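Below, read A as the first sequence line, B as the second, and so on, with proteins coming before strands; counting in each chain starts at 1. As the structure is a prediction and not an experimental result, all values here were calculated from the model.
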Amino acid sequence: MQSVSSVLSDQLIGKEVEIRGWVYRIRSTAKMCFVILRDSTNIVQCVGKIEDLGSERFKALSSLTIESSLSIKGIIRKDTRATTGYELTIKDFAIFCRNENFPVSKDISEEFELDNRHLWIRSREFTSILKIRSTIFKGFADFFYENGYYQVQPPMMVSTATEGGSTLFKVPFFGEEAFLTQSSQFYLETFIYSLEKVFTISPSFRAEKSRTWRHLTEYWHAEGEVAWIGNDEMMKIEEDMIHYILKKVIDQNYEDLQIIGRNVEDLRESLKPFNRMTYAELIEKSESLGMPLKYGDDLGADEERTIMSNFKTPLFITHFPAELKTFYHRPDPSNPAVILCHDLLAPEGYGEIIGGGERIWDLQELRQRIKDNGLREEDYYWYLDLRRYGSIPHSGFGLGLDRLAMWIMHLDNIKKAIPYPRTIRRLRP
RNA sequence: GCCGCUGUAGCUCAGCUGGUAGAGCACUCGCCUGUUAAGCGAGCGGUCGUCGGUUCGAACCCGACCGGCGGCGCCA
């Protein structure tokens, strides 16, 4: 048994091959039928002739329907009339499942596509999306493995919020109330005292009633935490990591990028060094970037989109005012009104994909910030312990892998970047 | 949480300021000597999201509810 892509080869011309898969398209005339067979690797046109198969077998083959499953034995040939350049003349075949009616057809709405994701996944476009996603996830892990990091597994069920309680999912927990994690950052910080350089890829959950093109209720959060480094070094690592992932995708999924219509040259622009700008510089330039802002304004979706339409490569924005960021970020010792943090905004209007920076590592400073934010120290006892015992400078980041995937594939909605999106209005399939 | 849009056949949609529903695709059956999500002919297929109201009469008007999509805030 061979894969479809492996039989599309000059070496096999005139040879008998056997492939199996699903009917991608089927067309028939009185004496011949064309079955375009799909497997995970590619599609190939197979031609069945009544003179080779006999009328009974020919009828069984030519009456197959879309997404029926079968195996085919035949001779491979070069043929420019076939979509992928080669054609298989069918000598024999075996049907596994003949479908009555496959629900997904050429005219489907986005709603129908979402209701039938379990079937839509088979489409050529979504197969490519899944392949690219796979490369992105592997690329993220490989980059960190190759640079001496350890992968760790934080808990998904937690007892406290990371940044505020309103957006947590509640889960019954043996008479107690547990929550689904919305970020693994605090747990990641615990691991650096053992392993120093760690990363994780795990889901995060946000019960925000968001309805936007770039929010999910359950999303894949790639997080890293690194001992002994500051904000600038953290950004350099992230830039190298994004470059690494982009190179892998362009190298390994070039065909898939073509299938989904991604302009690869535009994507290559982001292999160049990323731009960096402080928040204050951004405010100063905001007028000329088409989005007048005043100091203290947060960046919303419109602002990010407008700003990033000016850039072809990602942009780091650093040194946000302290009041715009959560309590654990470290204020700049030379100017405590701003913090040593960064957001990474993706180009082509995509906006924020990473948030990161230095963490406060002084115990008293952290306690003060917890108090200032109206939070309770006892909820963070173990997080404070990290500052009590052998505290060190460190930095980290969180990357939305689905957002990264959406940008890399130039999709217009994050729901197209994940196989089974979870949103306020969608829990199935 | 706020704002907007939407629900008619398996799918995509049409249906005129109210008169008991139609097309294309899919599927089934024919026909066709090379098709490119082919072509031709026939057939199958709908409590018009649900409930209530107005009316002689409702897919259409009114109300409530349910489902979905888009946008904002929040963030990754």
Side-chain angles (χ1 to χ4, degrees), chain A residues 23-36 38 43 45-51 59 62-68 79-85 87 89 98-116 119-120 123-124 162-164 166-167 182-185 202-223 298-305 324-326 343-346 350-356 397-407 412-415 417-418 421 423-428:
Chain A
V23 174
Y24 180 68
R25 303 281 184 264
I26 185 158
R27 293 177 282 272
S28 65
T29 63
K31 291 176 182 168
M32 60 176 61
C33 70
F34 301 91
V35 177
I36 319 291
R38 169 185 78 73
I43 58 175
Q45 175 162 293
C46 307
V47 59
K49 297 182 179 171
I50 197 162
E51 67 199 55
K59 198 180 169 188
S62 64
S63 70
L64 282 177
T65 51
I66 286 178
E67 286 303 313
S68 292
D79 196 320
T80 50
R81 293 171 295 186
T83 51
T84 44
E87 188 175 78
T89 305
R98 183 185 185 281
N99 301 332
E100 199 47 52
N101 188 356
F102 192 66
V104 177
S105 61
K106 63 177 175 178
D107 293 316
I108 59 169
S109 61
E110 294 206 348
E111 180 181 344
F112 188 79
E113 185 195 306
L114 285 163
D115 286 338
N116 292 279
L119 302 175
W120 177 245
S123 67
R124 226 164 162 226
T162 309
E163 336 198 335
S166 63
T167 62
Q182 54 179 198
S183 165
S184 295
Q185 181 201 317
S202 51
S204 280
F205 305 87
R206 306 249 164 133
E208 293 154 359
K209 295 181 175 175
S210 302
R211 300 190 47 73
T212 82
W213 59 285
R214 59 179 188 164
H215 284 84
L216 291 168
T217 282
E218 175 186 288
Y219 67 98
W220 285 89
H221 210 168
E223 294 170 278
D298 207 350
L299 270 47
D302 286 349
E303 290 79 11
E304 287 187 9
R305 208 191 304 240
L324 292 183
K325 293 286 175 180
T326 38
D343 282 358
L344 181 65
L345 307 191
Y350 280 89
E352 186 174 359
I353 55 172
I354 289 179
F397 72 93
L399 160 69
L401 281 173
D402 312 285
R403 281 193 183 176
L404 176 65
M406 172 171 60
W407 162 52
D412 62 9
N413 193 300
I414 200 164
K415 284 185 282 194
I418 184 170
T423 68
I424 181 173
R425 300 251 171 95
R426 189 164 287 281
L427 183 58
R428 60 193 123 247

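Separating the CG atom of A:L404 from the C1' atom of B:rC75 is a distance of 16 Å, rounded to the nearest angstrom. At whole-Å resolution of the value, CD1 in A:I424 and C1' in B:rG1 are 9 Å apart. Counting to the nearest Å, the P atom of B:rU12 and the CH2 atom of A:W120 are 12 Å from each other. Across the protein-nucleic acid pair, A:I414 atom CD1 and B:rC74 atom C1' stand 14 Å apart, rounded to whole Å. Rounded to whole Å, the distance from CZ on A:R214 to C1' on B:rC72 is 11 Å. Going from atom CG of A:L119 over to atom P of B:rA26 covers 18 Å, rounded to whole Å. The separation between A:L345 atom CG and B:rA76 atom C1' is 12 Å, rounded to whole Å. Atoms CD (A:E67) and C1' (B:rA26) sit 14 Å apart, rounded to a whole Å.
Distances shown here put every side-chain N or O of A:R206 at or beyond 4.0 Å from the OP1 or OP2 atom of B:rG73.
The two residues A:E223 and A:G398 have their closest heavy-atom pair at CG-CA, 3.9 Å. Here the shortest heavy-atom pairing between A:P421 and A:L114 reads CG-CD2, 3.9 Å.
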Scoring nucleotides 30-39 of chain B by protein non-hydrogen atoms under 4.0 Å (B base, S sugar-phosphate only, - none) yields S-BBBBBBB-
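The side-chain hydrogen bond (donor to acceptor under 3.5 Å, both in side chains) check on A:W407 picks up A:E348, with sequence neighbours excluded. Shown here are the side-chain hydrogen bond (donor to acceptor under 3.5 Å, both in side chains) partners of A:S204, two or more places apart in sequence or in another chain: A:H221. For A:T65, the side-chain hydrogen bond (donor to acceptor under 3.5 Å, both in side chains) partners two or more places apart in sequence, or in a different chain, are A:S68. Contacts of A:R211 classified as side-chain hydrogen bond (donor to acceptor under 3.5 Å, both in side chains), with partners at least two apart in sequence or in another chain: none.
Nucleotide B:rU55 carries an anti base; the chi torsion (O4'-C1'-N9-C4 or O4'-C1'-N1-C2) is more than 90° from 0.
Nucleic acid contact for A:R98: sugar-phosphate only, since backbone atoms but no base atoms lie under 4.0 Å from a heavy atom of the residue. Within the 4.0 angstrom heavy-atom criterion, only backbone atoms of the sugar-phosphate kind lie near A:A301; the bases stay farther away. A:D402 comes within 4.0 angstrom of nothing in the nucleic acid, heavy atoms only.
Put simply, the side chain of A:Q182 reaches to within 4.5 Å of the side chain of A:T167, judged on heavy atoms.
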Under 3.5 Å, which N/O atoms of the protein pair with N/O atoms of nucleotides 66-70 of chain B?
unit_1 : atom_1 : unit_2 : atom_2 : d
B:rG68 : OP1    : A:R425 : O      : 2.7
B:rG68 : O3'    : A:R426 : NH2    : 3.2
B:rG68 : O2'    : A:E111 : OE1    : 2.9
B:rG68 : O2'    : A:E111 : OE2    : 3.4
B:rC69 : OP1    : A:R426 : NE     : 3.0
B:rC69 : OP1    : A:R426 : NH2    : 3.4
B:rC69 : N4     : A:R425 : NH1    : 3.1
B:rG70 : OP1    : A:N413 : ND2    : 2.9
B:rG70 : OP1    : A:K415 : NZ     : 3.3
B:rG70 : OP2    : A:K415 : NZ     : 2.5
B:rG70 : N7     : A:R211 : NE     : 3.3
B:rG70 : N7     : A:R211 : NH2    : 2.6
B:rG70 : O6     : A:R211 : NE     : 3.1

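B:rA23 sits 23 Å from B:rU50 when the P atoms are compared, rounded to a whole Å. Nucleotides B:rU54 and B:rC62 have their P atoms positioned 15 Å apart, rounded to a whole Å.
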Criterion salt bridge (Lys or Arg N to Asp or Glu O under 4.0 Å) on A:D402 and A:R214, from CA distance to verdict = CA-CA 9 Å; A:D402 312 285; A:R214 59 179 188 164; over 6 Å; no
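With no hydrogens or angles considered, a side-chain donor-acceptor pair links A:Y219 and A:R206 at under 3.5 Å.
Atom-to-atom distance recorded for A:R81:CZ and A:F34:CZ is 7.0 Å, nearest 0.5 angstrom.
Toward the 5' end of RNA chain B, the nearer of the two residues A:T65 and A:H221, judged by each one's closest nucleotide, is A:T65.
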